[in-house]
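First the structure, in the form of structure tokens, and then the observations on it.
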Protein chains: 2
Amino acid sequence: MIDKLEFLLALAREKHFGRAADACGVTQPTLSAGVKHLEEQMGVLLVKRGSRFQGFTPEGDRVLEWARRIVGDSRAMREDISALRHGLSGRLRIAAIPTALAMVATITTPYRDKHPNVQFTIYSRTSLEILELLENLEIDAGITYIGNEPIGRVSIVPLYQEHYRLVTSADAPLGDRESVTWAEVSQVPLCLLTPDMQNRRIINRLLKSAGGESRPTLESDSMILLFSHVRTGRWASVMPEKIAQTLGLTEPIRAIPILQPDAVQTIGLVVPQREPMTPTTAALVNEARRIAPSL
Amino acid sequence: MIDKLEFLLALAREKHFGRAADACGVTQPTLSAGVKHLEEQMGVLLVKRGSRFQGFTPEGDRVLEWARRIVGDSRAMREDISALRHGLSGRLRIAAIPTALAMVATITTPYRDKHPNVQFTIYSRTSLEILELLENLEIDAGITYIGNEPIGRVSIVPLYQEHYRLVTSADAPLGDRESVTWAEVSQVPLCLLTPDMQNRRIINRLLKSAGGESRPTLESDSMILLFSHVRTGRWASVMPEKIAQTLGLTEPIRAIPILQPDAVQTIGLVVPQREPMTPTTAALVNEARRIAPSL
DNA sequence: CGAAATTAATAGCCTTTATCTATCGCGGGA
DNA sequence: TCCCGCGATAGATAAAGGCTATTAATTTCG
């Protein structure tokens, strides 16, 4: 029964019977039969079928919600019992927005000291993808923007505020300033994240409201790429204070506060709302609460 | 998988492999195998076994908690989907303490007007039994004392206050009074509920703290039995105001307020804490909220 | 417009799992 | 000590679940 619900979850993720079957480690006919079996049990079609997958019926969507919960709880149960016996162990899957990646180590490091048998998998994803991954039980926790739109069934631990800095060489234009304005920044060619990232959209918005335009000379979805360009001293970027600090910029690179406005975004840890949480996730939340004040 | 968890729930209820198997509609070896299979999956013994059932291991208790949730959710899912298609239908299982039985009709009647396809099963149970039944998913809602001890994972809707009255014939001792005290009541031979009922224990406590003693001439676990005795005019009882009103006492029987103290107990609807609730239960909660002010 | 490719359903077969009946063996209580 | 109740075990059988191969229905593309 629970396996069938997992089939349905995979189908929702992949929107394709064949790929969903692969993801579940079964063949396509098996997954088809599983879904059909669910439909018989419920007495109602769950999937809109033409000759290909066309989404779920309203009933299907509802079953999907329940499936997320039931499958999530059944995994949580296993982990819970395993933790009772062997202490915390297993794999903690976390996804973070690129600008938060550098601070993940401040959580994982003390966590690992306390629970050495837990392994980590950490993905770099956009904020939207993170919510989707959480929804689909593909990750255990996300680190992303919070406080904007209300986000599904999750618990939230605020971590820190994102203040922005112009990162540039001391001998470049504006390089000698103690602070700059968004209007001034908008005149500089920048290296920025790609527009599918919320960070880029936030920066775009800030530049625009300062009367400027974002004219990035270089875009990437990788902070490491941006950072390595900036380090040459020949490129400039706008980065959150936190990541600029963490990555350790050295002379002649400077990270200059951008004021007017000193825009802030709150970054936080989000985990599935489940009572009780899985032990590994609960420990992560504790760790986040513990270190949040020092960030 | 879910079936196996149901086995475990049945075993917790029945504390006996054979009876649990019966309750699940399978044979004893099937249930044994199911439990053993769970134990293999979890990698840990769940049931303490001698030559007979000896309770659960700590891990077993934990699995049991998860099982309650998972099984509950899976039933809720089915009901939810069925309600999407056919409107509210199915059977709503309610248990109420005896003194609240008479007021159940004030909820069920308007409920039935709105949702004629829902059938009711209503049990008369002690307050302790009600909590246990809720816990084990054997009822969908309970009507019982609230606000005393914190009670498990349930949502609560307060319904009304229980004020006590001396129910007696006008020509009996105290029968002509406008109000009486608990001290006075303690002198009268009474028909009361049996001591396993919380109502009786409450009354005992009140009588005792007024310096008296409860000396019931007649005990029963049935309000109907008490009521029919009182109606003869030859017996007296202490009953909640609500039930005395509802059952319609006629001359020469009087229901005299008992003061000093005018003790109150709050009665409420309790339902499993589940988000979202099953549709039938959600409707019941709505109904309870609606009528509570008028009680 | 027709051939090829894609996608999900179906058919037929086999393996695994689930369940039943019958029986055994351990303990507790008379 | 002797039952008797209880749960585990054995063996047989039914049911479910899964796989490969194929079909049917669209879609895509030449």
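In what follows, every chain begins at residue 1, and chains take the letters A, B, ... in the order their sequences are listed. Side chains are part of it too, since the values below use all heavy atoms of this structure and drop only hydrogens, waters and symmetry mates.
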So how far is it from A/Ser127 OG to A/Arg201 CZ, rounded to the nearest 0.5 Å? 5.5 Å

State, without any angle test, whether B/Gln198 and B/Thr126 hold a side-chain donor-acceptor pair at a distance under 3.5 Å. no

Do the charged groups of A/Glu59 and B/Arg85 touch, with an N to O distance under 4.0 Å? no

Quick one: B/Phe53 CZ to C/dC26 C1', roughly how many Å, whole number? 18 Å

Please name the residue in the list A/Ile70, A/Asp140, A/Asp80, A/Leu137 that meets the side chain to side chain contact (heavy atoms under 4.5 Å, CB included) test with A/Arg75. A/Leu137

Interatomic distance where CD belongs to A/Glu40 and C1' belongs to C/dT10 [whole Å]: 14 Å

Under 4.0 Å, counting only non-hydrogen atoms across every strand here, what does B/Thr27 touch: a base, just sugar-phosphate, or nothing? base

Looking at A/Glu138, A/Arg19, A/Glu132, A/Glu135, which hits side chain to side chain contact (heavy atoms under 4.5 Å, CB included) with A/Arg13? A/Glu138

State whether the number of non-hydrogen atoms from other residues, nucleotides or ligands found under 6.0 Å of A/Lys36 atom NZ is greater than 12. no

For nucleotides 16-18 of chain C, give me every protein contact, N/O to N/O, under 3.5 Å, one pair per line with atom names.
from: C/dA18; atom 1: OP1; to: B/Lys4; atom 2: NZ; distance (Å): 3.3

What I want to find out is whether A/Glu39 reaches A/Arg49 closely enough, with some N-O distance under 4.0 Å, to be called a salt bridge. yes

Integer-rounded Å distance: C/dC24 P and B/Gln28 CD: 15 Å

Presence of salt bridge, A/Arg200 and A/Glu219, under 4.0 angstrom: yes

N/O donor to acceptor pairs below 3.5 angstrom from side-chain atoms of residues 117-124 of chain B, sequence neighbours left out:
from: B/Gln119; atom 1: OE1; to: B/Arg91; atom 2: NH2; distance (Å): 3.2
from: B/Thr121; atom 1: OG1; to: B/Arg91; atom 2: NH1; distance (Å): 2.9

Rounded distance (Å) that lies between atom P of C/dA9 and atom CD of A/Gln54: 11 Å

Taking heavy atoms of chain A and a 4.0 Å limit, find me the 5'-most and 3'-most nucleotide of DNA chain D within that range. D/dG17 to D/dT27

Can you tell me which residue pairs pass the ring-ring contact (aromatic ring centres under 6.0 Å, His included) test with a partner in residues 52-77 of chain B, sequence neighbours excluded? B/Phe53-B/Phe56

In residues 26-35 of chain A, what donor-acceptor pairs under 3.5 Å come from side-chain atoms, sequence neighbours left out?
from: A/Thr27; atom 1: OG1; to: A/Thr30; atom 2: OG1; distance (Å): 3.0
from: A/Gln28; atom 1: NE2; to: A/Ser32; atom 2: OG; distance (Å): 3.2
from: A/Ser32; atom 1: OG; to: A/Gln28; atom 2: O; distance (Å): 3.4

At a cut-off of 3.5 Å, list every protein nitrogen or oxygen paired with a nitrogen or oxygen from nucleotides 2-6 of chain C, distance to 0.1 Å.
none

